[in-house]
There are 2 protein chains.
Amino acid sequence: MTARTSPESARDIPEATVARLPVYLRALVTLSEQGTGTCSSEELAVAAGVNSAKLRKDLSYLGSYGTRGVGYDVDYLRYQIAREIGVTQDWPVVIVGIGNLGQALANYSGFRSRGFRVVALLDADPARHEAVVAGIDVRPFDELERIAHDHSVAIGVIATPAVAAQDVADRMVACGITSILNFAPTVLNVPAEVDVRKVDLSIELQILAYHEQRKTQGAATA
Amino acid sequence: MTARTSPESARDIPEATVARLPVYLRALVTLSEQGTGTCSSEELAVAAGVNSAKLRKDLSYLGSYGTRGVGYDVDYLRYQIAREIGVTQDWPVVIVGIGNLGQALANYSGFRSRGFRVVALLDADPARHEAVVAGIDVRPFDELERIAHDHSVAIGVIATPAVAAQDVADRMVACGITSILNFAPTVLNVPAEVDVRKVDLSIELQILAYHEQRKTQGAATA
DNA sequence: AGGAGTTTGTGAACGCGAGAACAAACCGGA
DNA sequence: TCCGGTTTGTTCTCGCGTTCACAAACTCCT
């Protein structure tokens, strides 16, 4: 029987809620560093930039970690969310494509502090194999299989040009990587069991441009 | 009278559709470069990684640009979407915070090719003011007001550390900037008329980690 | 010219997420 | 122990987005 009621919550959390949990977690870390021991849903909601009703509903999917009339214990809730997301454990990550963006990612401190450990930087260009970025040697892309196997890597980051991204993704999937964060501006084709999240810098700007155009349109047309 | 039925479509496009239009645009550019003159909704949907029914409904908000029994003229549809988004015009953009990420953004060719022109790179750190990134001088942050005014900048990009982000946002808003793309891992407080879009690298990884944990959980518990 | 085949555009049903509103539960003081 | 004040957890309703399914419209072939 397939774990019909797993002991520790984790039934099925709505996707929209999952996307907000890291935001709550960051807000809690900030509150904790400020020395706040307890906070209400209203305070935490303001810190996270959301509605307090939505926040409470989100947290209710994890369980009842608050106390009515009091609020939430900051450190306790912080741990519970971290455990739910899975950042209490250590996630080995490999980054492929060490251009400007890849280097920025490798240097980003927000990864390590949240349970992600960059175990390798790979690039197909031999000219980059001499480099050391963020204290890590840049290695040839061909070593992907060995590294992924040795470190049991489950998460891969693609920061290559668009043309190379699909090949990289195919190789990653073949290595047993089942979660991919894709910064290349292209649509990746992967098996259904592999999760892909896409971050496209120019798309975000275009969405802003659309709204900006609508704002100024009225004045210009008049 | 406030343009009650503007001649060229643009009634009110659902937010979810707006977010996908840039994806369609990129797929159309790719098809056009491959020499494809016409495509069906099914072909375009595959290229964009979406459902064909959704694609057709999205396009229907712009108008009837297809031909039944035939499909869409690639270049024509491409122009219509580009015009709707607003990338047929030129958008001056200022980037604040020229660390690793800011440099990556400045060098990103996807901006210029889509109508965005980086008019200035600003940084508060004097040590960076000697640098030239992507052919553009890095200038002191204090010049924001002058540059924003001289170039009529409406869109700003924040790539600073989290602690500086709110100050930068405040100054941007005071300059008349009404659209902000925020890469700093913090919640920005801005007036309602200012659009903010957030890109958080570590949040995306955390979402992947959550699903990854769920995948392996069953096997580990058994 | 007419019919078979193809593809768009849209009406309708369905499911998910957001927000309001409230009962249940807790704390502190008398 | 009881009561007022506070805050959580949850129910309910509403609106948006997705998907199905099909009529309308176009092309091509005979």
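Convention: sequence-line order gives letters A, B, ...; per-chain numbering from 1.
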Any residue meeting side chain to side chain donor-acceptor pair (under 3.5 Å) with [X], in chain and number order, not counting sequence neighbours:
{"X": "B:T88", "answer": "none"}
{"X": "A:H211", "answer": "B:E15"}
{"X": "A:N189", "answer": "none"}
{"X": "B:R56", "answer": "B:S41"}

Please write out the pairs of protein N or O atoms and N or O atoms of nucleotides 11-13 of chain D separated by less than 3.5 Å, giving the distance to one decimal.
{"residue": "D:dC12", "atom": "N4", "partner": "A:K57", "partner atom": "NZ", "Å": "3.3"}

Rounded to whole angstrom units, what separation is found between the [atom1] atom of [X] and the [atom2] atom of [N]?
{"X": "B:R20", "N": "D:dG17", "atom1": "CZ", "atom2": "C1'", "result": "8 Å"}
{"X": "A:D58", "N": "D:dT8", "atom1": "CG", "atom2": "P", "result": "14 Å"}
{"X": "A:L55", "N": "D:dT8", "atom1": "CG", "atom2": "C1'", "result": "11 Å"}
{"X": "B:K54", "N": "D:dC16", "atom1": "NZ", "atom2": "C1'", "result": "13 Å"}
{"X": "B:R56", "N": "D:dT18", "atom1": "CZ", "atom2": "C1'", "result": "13 Å"}

Residue pair B:I155, B:I177: steps toward the side chain to side chain contact (heavy atoms under 4.5 Å, CB included) verdict: CA-CA 6 Å; B:I155 302 177; B:I177 287 178; 5.8 Å; no
Pairs involving residues 171-200 of chain A, ordered by first then second residue, that meet salt bridge (charged side-chain N to carboxylate O under 4.0 Å, His left out) (sequence neighbours left out): A:D142-A:R171, A:E145-A:R171, A:D195-B:K215, A:R197-B:E204, A:D200-B:R26
Output one line per pair: protein atom, nucleotide atom from nucleotides 25-30 of chain D, and distance, for all N/O pairs under 3.5 Å.
{"residue": "D:dC26", "atom": "O4'", "partner": "B:R68", "partner atom": "O", "Å": "3.2"}

Donor-acceptor contact present, side-chain A:T216 to main-chain A:E212, <3.5 Å: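 Judged by distance alone, yes, a pair lies under 3.5 Å.
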Pair B:R83-B:Y79, side-chain donor/acceptor within less than 3.5 Å: no
Check: A:Q103/A:N107 side-chain N/O donor and acceptor closer than 3.5 Å: no
Near-strand residues of residues 33-51 of chain B, defined as heavy-atom separation under 4.0 angstrom from DNA chain D: B:N51
Side chain to side chain contact (heavy atoms under 4.5 Å, CB included) assessment of A:I158 paired with A:L188: CA-CA 11 Å; A:I158 299 179; A:L188 291 185; 3.9 Å; yes
Contact boundaries on DNA chain C for chain B, cut-off under 4.0 Å to non-hydrogen atoms: C:dT6 to C:dA12
Counterpart residues, ring-ring contact (aromatic ring centres under 6.0 Å, His included), relative to B:F141 (two or more places apart):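 Once residues adjacent in sequence are excluded, B:F141 has no partner under the ring-ring contact (aromatic ring centres under 6.0 Å, His included) criterion.
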Non-neighbouring partners of A:Y76 that pass ring-ring contact (aromatic ring centres under 6.0 Å, His included), sequence neighbours left out: A:Y65
Partners meeting side chain to side chain contact (heavy atoms under 4.5 Å, CB included) with B:S32 (sequence neighbours left out): B:V74, B:D75, B:R78
